[in-house]
Number of protein chains: 2
Amino acid sequence: MTSRPRLADVAARAGVSMKTVSNVINDFRHVAPETRAKVQAAIDEIGYRPNLSARNLALGRAGLIALVVPQLDMPYFAALSGQILEAAARHNWVVLIQQTGEDTSVERDALAGHFPQRIDGLILSSPRIRPADLRKRTDRTPLVMLGERNFQGIAQHVSIDNVAASETAVNHLIERGRRRIAIIGTRPTDRQHPRLAGYRRALRAAGLPESDDLIRPIRNNLGEEGELQMAALLAEHRNRPPDAVFCVTDWVALGVIRALQTHGLRVPDDVAVVGFDDIPYGRAATPTLTTISPDRAAIARLSVESLLAQMEAAASGTPYEVSEQPVGYELVVRESTGG
Amino acid sequence: MTSRPRLADVAARAGVSMKTVSNVINDFRHVAPETRAKVQAAIDEIGYRPNLSARNLALGRAGLIALVVPQLDMPYFAALSGQILEAAARHNWVVLIQQTGEDTSVERDALAGHFPQRIDGLILSSPRIRPADLRKRTDRTPLVMLGERNFQGIAQHVSIDNVAASETAVNHLIERGRRRIAIIGTRPTDRQHPRLAGYRRALRAAGLPESDDLIRPIRNNLGEEGELQMAALLAEHRNRPPDAVFCVTDWVALGVIRALQTHGLRVPDDVAVVGFDDIPYGRAATPTLTTISPDRAAIARLSVESLLAQMEAAASGTPYEVSEQPVGYELVVRESTGG
DNA sequence: GTGAAAGCGCTAACAA
DNA sequence: TTGTTAGCGCTTTCAC
């Protein structure tokens, strides 16, 4: 056995044509059961495995979908990527993971289709891409956007309902008797921010006052940033600190907890904290973190399936109607809001 | 423009042959500068990008290397994978990430070369694979093993010196005046465990007593497991708890810290804690975690380069001598051992 | 239900 | 230094 067995070798061994072997491999109907068995036996005997480069070349596809995320070592994206890998594998796709390192130009390049390889589809999870960027896009590669921003009618978007989820989180704080609730991770003027919108809706529904000085922005999604902003908040409200904080991500929430503990405040007794994302650390932290847990498996599955649908639409000339595709989420109550 | 431009289109436009275009694309010497410029102009004008399926088919390679890790959402592997992605991209490889989910049979399948695609090389990071598994391997795909176990002369192994690194970590505790140092994450009888060996070496060098009841195993690398084992340790040594704990991973260390705080012990005042791996959470935890930080970028780079060297050796018929390839590490001192 | 042959886009002999 | 051409291994018309 000098080289790997080819389809022709299987055909020779089974005494059938290449077409028949191909039919068996691709699970086509209209193959006589005994022919199928004979071919399968030959495949097993010589240990044949198809050469994907050749198949993809013949089919005119790349066999590759790209997943663009900020960084793989950010826990939310690591978990998400893991799920997408599995969903893609179920459709025989290899996932080309591209890290942007928070570099907007890399994200724009990805949108424009500038990849080291040709790709069949693109899943883009990038907090920085705006609807305007998408409108400029001319590349026709099937695209799915992830993340909290809305892309109404511009691109297929798979996401939880961030407004409702945030409202749920803040309602939970209100139900636990909290009245002075801060939000860390957005600026009061950001009208497009769904998590801020949910926060406001919950306060309003409960008849609680909204005050912009309990809203603090972050420059990036890091624990250090949460720590900094929480410290600033405490400094500004020395006499009357908030009794709860809603953080736009778990990662920020961990920093917030650090700042609170550093300043001698107890979590949740003095200040309750809720995060967002349900990253693995939330369960190992002290205290464990209450959070919104999106159904990541569903996000992965629906994203991959949408790519497939877009390809099929393109192949058949049917237009593909983009939509906002909602997925489920759950409030996970842990120690940081009193268990 | 009905279909994507091909190499032949570039050749026609530039008025040269396909061979010349190929030479330019692959950056061969012996192309007249002006010819090169002309071809490059044509490439830019029609927006040509090579079809990798066709190239790989012609070259008889897959253009793919596989990376096998337990789970992408385990922070150490997420960070490592991110680095390997980048190192591989520099050599024009796409990385097929395969998650084993701690399933040993999946790991064995990977070793045997059972992938959904053909691959050019394999990087395997799996705590469960033993030298014996490797000896049975007949598949000739270039292989690099990662992780703490040694594979002397059986497979290329890229890793920090785990014995020395552990000794460094424990020495640090000793220098801070700790005398009763526990280790969590191994059983006293495991003679092959490099981190246990380093722990023992440090104690012996300092003339400290070794006692097997300060050594606790874990069933898997989880915070919950660290918490459990630390609680058990405290229960057994109620009167005289250890004054420091060396944990075989950061993930376990976070659980250990949880258990200590739950039992009213202060970290590091009462008990100092050192972890291993330098996962991102260590910086966001309270207290921040002292740890051994392996040079992950070097691990990634050397792994990919070794695959390349193995392929070249195979192509030229030269034997490839496997070795233990050491990479650097660093002790990062943070709050959990007193800053 | 099965077979023969053309072609997917690229590389690399071999020629010139 | 550049051109010609035969494959790489698979799918897929089209005939049987």
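A note on names: the letters A, B, ... follow the listed sequences, proteins ahead of strands, and every chain is numbered from 1.
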Could you give the [atom1]-to-[atom2] distance, from [X] to [N], as a whole number of Å?
X         : N       : atom1 : atom2 : answer
Lys19(B)  : dA13(C) : NZ    : P     : 9 Å
Arg61(A)  : dT11(D) : CZ    : C1'   : 12 Å
Arg118(B) : dC8(D)  : CZ    : P     : 13 Å
Ile25(A)  : dT12(D) : CD1   : P     : 12 Å
Leu52(B)  : dC8(C)  : CG    : P     : 18 Å

Which of the following nucleotides, [options], is nearest to the side chain of [X]?
X        : options                  : result
Asn26(B) : dT11(C), dT2(C), dC10(D) : dT11(C)
Thr20(A) : dT11(C), dT2(C), dC10(D) : dT2(C)
Met18(A) : dG1(C), dC10(D), dT2(D)  : dC10(D)
Leu59(B) : dG3(D), dG9(C), dA12(C)  : dA12(C)
Ala32(B) : dT2(D), dC10(C), dT2(C)  : dT2(D)
Asn23(B) : dT2(D), dC10(D), dT11(C) : dT2(D)

Do NZ/NE/NH1/NH2 and the carboxylate oxygens of Asp9(B) and Arg6(B) come within less than 4.0 Å? yes

Check the pair Leu143(A), Thr141(A) against side-chain contact (heavy atoms from CB on, under 4.5 Å), reporting the backbone distance first and the verdict last. CA-CA 6 Å; Leu143(A) 169 70; Thr141(A) 309; over 6 Å; no

What contact category does Leu57(B) fall into here, base, sugar-phosphate, or nothing, at under 4.0 angstrom with non-hydrogen atoms? base

Please compare Tyr48(B) and Thr35(A) by the position of their nearest nucleotide in DNA chain C and report the one closer to 5'. Thr35(A)

Between His157(B) (side chain) and Gly147(B) (backbone), is there a donor-acceptor pair under 3.5 Å?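 Answer holds: yes.
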
OP1 or OP2 of dT2(D) sitting under 4.0 Å from any side-chain N/O of Ser17(B)? no

Can you check whether Asn56(B) has a side-chain N or O nearer than 4.0 Å to OP1 or OP2 of dC8(D)? no

Side chains of Gln71(B) and Glu102(B), donor plus acceptor under 3.5 Å: no

